[in-house]
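In what follows, every heavy atom counts, from backbone to side chain, and hydrogens, waters and symmetry copies are set aside. Predicted, not measured: the structure shown is a model, and the values here were computed from it. Chain identifiers are assigned alphabetically (A, B, ...) following the order of the sequence lines, protein sequences preceding nucleic acid strands; residue numbering begins at 1 within each chain.
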2 protein chains.
Amino acid sequence: MIPNIPEIDKCDCNIIHSDVVDRVRRSMPDEEVIMDLADFFKVFGDTTRVGILSALNESEMCVCDIAALLGMTKSAISHQLRVLKQSKLVKYRRDGKVVYYSLDDDHVKTIFDQGLSHVEEK
Amino acid sequence: MIPNIPEIDKCDCNIIHSDVVDRVRRSMPDEEVIMDLADFFKVFGDTTRVGILSALNESEMCVCDIAALLGMTKSAISHQLRVLKQSKLVKYRRDGKVVYYSLDDDHVKTIFDQGLSHVEEK
DNA sequence: CGAACAGTTGAATATGTGTTCAACTATATT
DNA sequence: AATATAGTTGAACACATATTCAACTGTTCG
């Protein structure tokens with residue numbers, strides 16, 4: 001296996017410590033994993049989505065109630081719920097006209113707690 | 001204490017389950033905390049920054065070496081290191097002409113691991 | 001001193017993304 | 001069937017942000 005060397009090397013400088021660079025390169029996750037990770041965290045990087053996740057962490061809720069809670073339109077909430085759905089962070093069930101959303105991931109709470117301890121510390 | 005009710009209520013629908021909304025509203029973190037959390041996770045939501053953090057998780061590194069490792073310019077890396085510095089996720093030391101960056105947060109690894117298990121599962 | 005290199009910075013550009021708006025679907029009620 | 005309500009969707013717009021480029025600082029070495 002040849003280590004991943006970027007096809008087009010835009011680096012505008014010399015490698016100073018090639019031993020370190022080689023060792024780190026071997027230990028790095030694949031570029032695809034890096035992208036998946038960034039995409040995953042991107043979902044948590046929006047106030048509206050964090051608000052929705054915080055709410056659903058307390059209780060299953062329908063779109064109207066979330067919209068009322070956060071003082072936003074159904075449309076805005078629905079768009080963000082779609083993002084959360086695609087990331088498999090929330091699931092939903094329909095009951096008549098009403099669609100109820102709830103958390104669909106065990107990691108959400110842990111990730112929130114880690115984020116909170118960082119935010120509170122510094 | 002009066003619960004936080006958004007000043008301008010843009011909600012375009014009726015509250016369906018007012019008991020649930022009231023209960024969730026009381027349990028929600030302050031809006032400021034929600035914003036801090038989102039800002040914190042926003043930092044993890046970029047491929048370049050995740051790459052830098054992954055690298056520094058393995059070893060202290062200088063800007064040139066990170067640029068070479070990720071196949072990017074010193075400038076691009078430096079800009080992102082500034083973001084990571086502001087979020088208190090990395091620290092640095094200067095040795096002559098060379099500036100060495102390293103991780104400055106215990107939560108980084110835990111957060112990465114949680115993200116990885118989510119990404120790998122689904 | 002002056003050249004060379006590591007790194008930073010600000011402005012400009014390009015791309016990504018969240019909200020709005022209007023139109024739409026689906027279900028329930030009369 | 002007609003109406004009302006919950007929710008979704010796509011396009012447009014406005015805003016945020018990552019990279020580039022060029023100019024800059026700081027340090028080392030001849």
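Counting heavy-atom neighbours within 6.0 Å of A:Lys85 NZ, excluding the residue itself, gives a total above 12.
Separating the CD1 atom in A:Ile34 from the CZ atom in B:Arg49 is a distance of 13.0 Å, to the nearest 0.5 Å.
A donor-acceptor pair under 3.5 Å links the side-chain atoms of A:Asp65 to the main chain of B:His17, judged by distance alone. Side chain of A:Ser59 to main chain of A:Leu56: no donor-acceptor pair is present (N/O by atom type, distance under 3.5 Å, no hydrogens or angles). Without hydrogens or angle criteria, A:Lys42 side chain to B:Asp46 main chain gives no donor-acceptor distance under 3.5 Å. Panel note: side chain B:Arg93, backbone B:Asp95; no donor-acceptor pair is recorded below 3.5 Å.
For B:Leu84 and D:dA18, the CG to P distance is 10 Å, given to the nearest whole Å. Here D:dA16 presents its P atom at 12 Å from CG of A:Asp46, a figure rounded to the nearest Å. Distance B:Gln86 CD to D:dA18 P: 12 Å, rounded to the nearest Å.
A single hydrophobic cluster is not seen to contain both A:Ile16 and B:Ile77; linkage of ILVMFWY side chains at heavy-atom distances under 4.5 Å, directly or through other members, places them apart.
Checking A:Ile16 against A:Gly45, the closest nucleotide of DNA chain C that is more toward the 5' end is the one next to A:Ile16. Judged by closest nucleotide on DNA chain C, B:Tyr100 is the one of B:Tyr100 and A:Thr48 placed further toward the 5' end.
Applying the salt bridge (Lys or Arg N to Asp or Glu O under 4.0 Å) criterion to B:Asp36, with sequence neighbours excluded, gives no partner residue.
Applying the 4.0 Å criterion to OP1 and OP2 of D:dT8, one finds that A:Tyr101 has a side-chain N or O inside that range. Side-chain N/O atoms of B:Gln80 include none lying less than 4.0 angstrom from OP1 or OP2 on D:dT17.
The nearest pair of heavy atoms linking A:Val43 to A:Ser87 is CG2-OG, 3.2 Å. In terms of heavy atoms, B:Cys62 sits closest to B:Val98 at CB-CG1, 3.4 Å.
At a threshold of 4.5 Å between non-hydrogen side-chain atoms, the residues B:Val20 and A:Met61 count as touching.
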Distances under 3.5 Å between nitrogen or oxygen atoms of protein and nucleotides 9-14 of chain D:
residue : atom : partner : partner atom : Å
D:dT9   : O4   : A:Ser75 : OG           : 2.7
D:dG10  : O6   : A:His79 : NE2          : 2.8

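Residues of residues 90-98 of chain A having a heavy atom closer than 4.0 Å to DNA chain D, listed by number: A:Lys97, A:Val98. Within residues 51-62 of chain A, no residue is approached by DNA chain C to less than 4.0 Å at the level of any non-hydrogen atom. For DNA chain C, none of the residues of residues 33-43 of chain B falls under the heavy-atom distance limit of 4.0 Å.
Residue pairs meeting the ring-ring contact (aromatic ring centres under 6.0 Å, His included) criterion with at least one member in residues 64-93 of chain B, sequence neighbours excluded, are B:Tyr92-B:Tyr101.
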Under the side chain to side chain contact (heavy atoms under 4.5 Å, CB included) criterion, do B:Leu53 and B:Leu84 qualify, and how do the steps go? CA-CA 9 Å; B:Leu53 291 173; B:Leu84 294 170; 4.0 Å; yes
